[in-house]
Amino acid sequence: MKRPTPIDEEYTFADGVIISETDLNGIITYANRKFVEISGYSKEELIGKPHSIIRHPDMPKAAFKQMWDTIQQDKEWQGLVKNLRKDGRYYWVDTYVKPIFKDGKKVGYIAARHPAKRMDVLSIMNTYAQMLEDENKG
């Protein structure tokens, strides 16, 4: 699937919780109605695709490396993420990710996201921009 070209227009939403589940490799296995609505993709377009389908290019790779390092150690991760909608607009979410266990075996991950607070976004934007600049020097 071709990734959309980002446009500098924010998509905001005030309520609801975006829920998704992935397998151990980050492939989407479940997307709730709010995820479908906010991402702009249909459920059929999301299921079976890498969760990175919604990754905005402004997000530094280091932020996701930290998330993966944390959840692969069976710990919970929380952070702010800028996502990319199918129409090219972006949206900020406060994200919480944790492993899913069945019969004592890790089988995937579940993420819950809600609208990020404006003051939190403003405080993390410069950090992410610096991280991205450092990566691009690389």
Side-chain angles (χ1 to χ4, degrees):
M1 181 182 307
K2 185 176 179 292
R3 291 188 32 91
T5 301
I7 58 175
D8 190 22
E9 183 181 322
E10 185 169 8
Y11 177 90
T12 58
F13 65 106
D15 59 355
V17 177
I18 298 169
I19 303 287
S20 61
E21 293 182 14
T22 70
D23 66 12
L24 293 172
N25 297 312
I27 303 300
I28 300 169
T29 58
Y30 172 79
N32 74 342
R33 273 184 275 163
K34 188 55 92 171
F35 187 20
V36 169
E37 173 192 333
I38 302 301
S39 73
Y41 289 96
S42 70
K43 192 170 218 163
E44 294 74 25
E45 289 174 305
L46 292 168
I47 303 298
K49 299 294 186 302
H51 210 288
S52 59
I53 189 174
I54 61 166
R55 181 179 298 169
H56 195 283
D58 286 353
M59 283 299 298
K61 290 180 179 90
F64 289 104
K65 181 182 181 328
Q66 178 195 46
M67 180 201 71
W68 277 105
D69 288 350
T70 302
I71 63 177
Q72 286 175 335
Q73 293 175 32
D74 300 343
K75 297 177 182 171
E76 300 168 357
W77 181 86
Q78 186 273 327
L80 294 183
V81 176
K82 184 178 185 179
N83 284 329
L84 181 65
R85 288 174 39 91
K86 184 178 180 179
D87 64 8
R89 292 185 286 172
Y90 66 90
Y91 61 100
W92 282 95
V93 287
D94 192 350
T95 304
Y96 171 79
V97 185
K98 72 177 209 167
I100 301 170
F101 291 90
K102 288 192 179 156
D103 299 322
K105 181 180 178 198
K106 183 167 51 176
V107 295
Y109 303 100
I110 187 167
R113 298 172 298 285
H114 58 84
K117 292 182 175 84
R118 183 58 40 199
M119 64 182 216
D120 294 338
V121 169
L122 293 174
S123 71
I124 199 71
M125 286 174 71
N126 289 337
T127 301
Y128 283 172
Q130 185 62 56
M131 289 169 73
L132 204 55
E133 187 177 313
D134 292 347
E135 286 175 9
N136 291 332
K137 286 179 189 172

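We're numbering straight along the sequence, starting at 1.
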Requested in this report: Measure the shortest side-chain to side-chain distance between M67 and V97 over non-hydrogen atoms and say whether it is less than 4.5 angstrom.
Outcome: yes
Query raised in the report: Within a reach of under 6.0 Å around NZ of K98, are more than 12 heavy atoms found that belong to other residues, nucleotides or ligands?
Result: no
Query raised in the report: Does the side chain of Y91 come within less than 4.5 Å of P115's, by heavy atoms?
Result: no
Query raised in the report: Taking all non-hydrogen atoms of both residues, which atom of R113 and which atom of S20 are closest, and how far apart?
Result: NH1-OG, 3.1 Å
**Report entry** L46-I27 co-clustered via ILVMFWY side chain contacts under 4.5 Å
**Finding:** no
**Report entry** Student check: side-chain heavy atoms of Y90 and D58 closer than 4.5 Å
**Finding:** no
Query raised in the report: With a cut-off of 6.0 Å (strictly less than), are more than 12 heavy atoms of other residues, nucleotides or ligands near NZ of K61?
Result: no
**Report entry** Under the ring-ring contact (aromatic ring centres under 6.0 Å, His included) test, residues paired with Y128 that sit two or more places apart
**Finding:** none
Query raised in the report: Does any pair with a residue in residues 4-13 pass side chain to side chain donor-acceptor pair (under 3.5 Å), and if so which ones, sequence neighbours excluded?
Result: E10-R118
Query raised in the report: How far apart are the C-alpha atoms of D94 and K117, what are their side-chain angles, what is the distance that settles it, and do they pass the salt bridge (Lys or Arg N to Asp or Glu O under 4.0 Å) test?
Result: CA-CA 8 Å; D94 192 350; K117 292 182 175 84; 5.7 Å; no
Query raised in the report: If only atom types and distance count, is the side chain of K43 paired as donor or acceptor with the main-chain N or O of V36 below 3.5 Å?
Result: no
Requested in this report: Flag yes if F64 and L132 sit in one hydrophobic cluster, no otherwise; membership is Ile, Leu, Val, Met, Phe, Trp, Tyr, and two members link when side-chain heavy atoms are under 4.5 Å apart.
Outcome: no
**Report entry** Heavy-atom side-chain proximity of P4 to L84 below 4.5 angstrom
**Finding:** yes
Report summary line: Nearest heavy-atom contact between E45 and I53 is O-CD1, 4.3 Å
Query raised in the report: Between A62 and M131, which heavy-atom pair has the shortest distance, and what is it?
Result: CB-CE, 3.5 Å
**Report entry** Contact check, side chains of Q130 and T127, non-hydrogen atoms, under 4.5 Å
**Finding:** no
Query raised in the report: NE2/H51 to CG/N25 distance, rounded to the nearest 0.5 angstrom?
Result: 14.0 Å
**Report entry** Gap separating the CD1 atom of I54 from the CZ atom of R3, nearest 0.5 angstrom
**Finding:** 9.5 Å
**Report entry** Non-neighbouring partners of H56 that pass ring-ring contact (aromatic ring centres under 6.0 Å, His included), sequence neighbours left out
**Finding:** none
**Report entry** Value rounded to 0.5 Å, distance of OH in Y41 from CD1 in I47
**Finding:** 14.0 Å
Report task. Find out whether K86 and S42 are in side-chain contact, i.e. whether some heavy atom of one side chain is under 4.5 Å from a heavy atom of the other. Result -> no
Requested in this report: Examine the side chains of D69 and Q73 and answer whether a donor and an acceptor come within less than 3.5 Å of each other.
Outcome: no
Requested in this report: Might you point out which heavy atoms bring L24 and G108 nearest each other, and give the distance in Å?
Outcome: CD2-N, 3.6 Å
Report summary line: For residues 96-125, the ring-ring contact (aromatic ring centres under 6.0 Å, His included) pairs (sequence neighbours left out) are W68-Y109
**Report entry** Common cluster, L80/L122, ILVMFWY with side-chain heavy-atom separation under 4.5 Å
**Finding:** yes
Requested in this report: Drop me the distance from R33's CZ to I38's CD1, to the nearest 0.5 angstrom.
Outcome: 13.0 Å
Report summary line: Nearest heavy-atom approach of S123 to D120 is OG-O, 2.9 Å
Requested in this report: For W77 and A63, work out which heavy atoms get closest and say how close.
Outcome: CZ2-O, 4.3 Å
**Report entry** Residues clustering with I110 (ILVMFWY side chains joined when closer than 4.5 Å, directly or via others)
**Finding:** V17, I19, Y30, I100, V107
Report task. Measure the CD1-CD distance between I28 and E21 for me, rounded to the nearest 0.5 Å. Result -> 11.5 Å
Query raised in the report: Nearest 0.5 Å, what's the CZ-CD distance between F13 and E37?
Result: 8.5 Å
Query raised in the report: For D87, which residues count as a salt bridge (Lys or Arg N to Asp or Glu O under 4.0 Å) partner, sequence neighbours excluded?
Result: R85, R89
